[in-house]
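The sequence lines fix the lettering, A, B, ..., with proteins before strands; numbering per chain opens at 1.
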Amino acid sequence: MKSEPAVYGIEDLEKEGETLWDGVRNYQARNYLRAMTPGDLVFFYHSNTKVPGIVGLARVKETGVIDPSQFNPDSPYFDPKSSHQSPRWDTVSVAWVETFPRPLSLATLKEKFSSHELLLVRKGNRLSVMPVERSIAELILSMI
DNA sequence: GCCAACGTTGGC
DNA sequence: GCCAACGTTGGC
């Protein structure tokens, strides 16, 4: 799961313990959220920063949560086309697990993995939520 | 700041 | 349904 640290970083999650992953407004990313199961491990990725990369771990807590920000006109994530009757956007809550001593940089990940193995290293990939294959996830964990 | 790689919008 | 125009993302 990707986030800009200036908006919401791993330090924020560590401080709060858990958070609702609101604001995802891409259908493909939403579908990946819907495919999640409580207990799933999450790689927390920092984008738009000096050293983009995986900075820690989280765990999926609750799935299928309606994203309240879609109904809030004051929210940057407000969606006027969504309704309470048929909400478009739902998401998951995640709990903090671990903050890495140093980030596992995108540059390192690009060295080790192909875009087939790890969607994150694919050029032009802008999805904020992406699946990671278990075998690849274990390799990443062994690199920490 | 640049720009490639998208996704979305809207006229037709 | 097509596609040009536009906006956004995000690495560099």
Side-chain angles (χ1 to χ4, degrees), chain A residues 1-16 18-37 40-61 63-144:
Chain A
M1 299 175 92
K2 256 194 245 189
S3 185
E4 300 184 24
V7 178
Y8 193 91
I10 188 79
E11 292 80 9
D12 298 301
L13 183 59
E14 179 167 1
K15 212 175 299 171
E16 294 174 17
E18 91 174 69
T19 194
L20 185 67
W21 204 263
D22 61 354
V24 174
R25 294 293 179 268
N26 173 287
Y27 286 104
Q28 201 181 342
R30 184 204 63 183
N31 292 343
Y32 285 139
L33 287 168
R34 287 182 174 177
M36 289 179 178
T37 302
D40 280 353
L41 196 62
V42 172
F43 290 113
F44 197 117
Y45 179 90
H46 278 180
S47 66
N48 249 318
T49 186
K50 262 166 285 178
V51 184
I54 301 172
V55 292
L57 300 176
R59 206 170 278 285
V60 174
K61 202 170 177 199
T63 57
V65 185
I66 303 296
D67 183 346
S69 65
Q70 69 194 301
F71 306 124
N72 179 6
D74 298 324
S75 167
Y77 306 124
F78 177 62
D79 183 356
K81 293 178 190 161
S82 189
S83 71
H84 283 88
Q85 286 72 26
S86 59
R88 287 186 177 197
W89 310 107
D90 50 73
T91 186
V92 304
S93 62
V94 298
W96 177 83
V97 172
E98 181 182 341
T99 302
F100 296 160
R102 58 194 174 85
L104 190 50
S105 72
L106 178 62
T108 301
L109 292 168
K110 278 180 170 171
E111 281 173 24
K112 306 275 180 182
F113 300 105
S114 70
S115 63
H116 266 279
E117 296 169 312
L118 187 62
L119 289 176
L120 179 66
V121 306
R122 185 172 297 178
K123 192 181 180 187
N125 201 337
R126 302 181 338 198
L127 284 183
S128 59
V129 182
M130 285 175 279
V132 181
E133 213 175 300
R134 182 174 296 275
S135 59
I136 304 298
E138 280 164 9
L139 283 172
I140 293 171
L141 289 171
S142 72
M143 293 168 66
I144 307 310

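Atom-to-atom, CE of A/Met1 to P of C/dG10 comes out at 14 Å; the value is rounded to the nearest Å. Atom CG of A/Asn26 and atom P of C/dG10 are 10 Å apart (whole Å). Here the P atom of nucleotide B/dT9 and the CZ atom of A/Arg25 are 13 Å apart, to the nearest Å. Nucleotide B/dT8 holds its P atom 11 Å from the CZ atom of A/Arg30, rounded to whole Å. With rounding to whole Å, A/Asn31 atom CG is found 13 Å from B/dG7 atom P.
Closest heavy-atom contact between A/Ile10 and A/His46: N-NE2, 3.1 Å. Residues A/Val24 and A/Ser128 come closest through the heavy atom pair CG2-OG, 4.0 Å. Considering all non-hydrogen atoms of both residues, A/Arg30 and A/Arg88 come closest at NH1-O, 2.9 Å. Across all their heavy atoms, A/Leu104 and A/Leu109 have their closest contact at O-CD1, 3.9 Å.
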Stepwise side chain to side chain contact (heavy atoms under 4.5 Å, CB included) test for A/Tyr27 and A/Trp89: CA-CA 8 Å; A/Tyr27 286 104; A/Trp89 310 107; 3.7 Å; yes

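Residue A/Tyr45 places at least one side-chain N or O under 4.0 Å from the OP1 or OP2 atom of C/dG11. The side chain of A/Lys81 places an N or O atom within less than 4.0 Å of a non-bridging phosphate oxygen (OP1 or OP2) of B/dT9.
Overall bending of the helix from B/dG1-C/dC12 to B/dC12-C/dG1, expressed as the angle between end axes built from five pairs apiece, is 10° (10° steps).
A heavy atom closer than 4.0 Å to some atom of DNA chain C occurs in A/Leu106, A/Lys110, A/Arg126, these being the qualifying members of residues 106-127 of chain A.
Using cut-offs of 30° and 60° for the angle between ring planes, the A/Trp21 and A/Tyr8 rings count as perpendicular.
Residues A/Ser47 and A/Arg126 bring no donor and acceptor atom of their side chains to less than 3.5 Å of each other.
Among A/Ser3, A/Pro103, A/Pro5, the single residue meeting the side chain to side chain contact (heavy atoms under 4.5 Å, CB included) criterion with A/Thr49 is A/Pro5.
Side-chain atoms of A/Tyr27 lie closest to B/dT8 of the nucleotides B/dT8, B/dG7, C/dG11.
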Considering only distance and modelled atom types, tabulate donor-acceptor pairs under 3.5 Å from the side chains of residues 129-144 of chain A, sequence neighbours left out.
{"residue": "A/Ser142", "atom": "OG", "partner": "A/Leu139", "partner atom": "O", "Å": "2.6"}

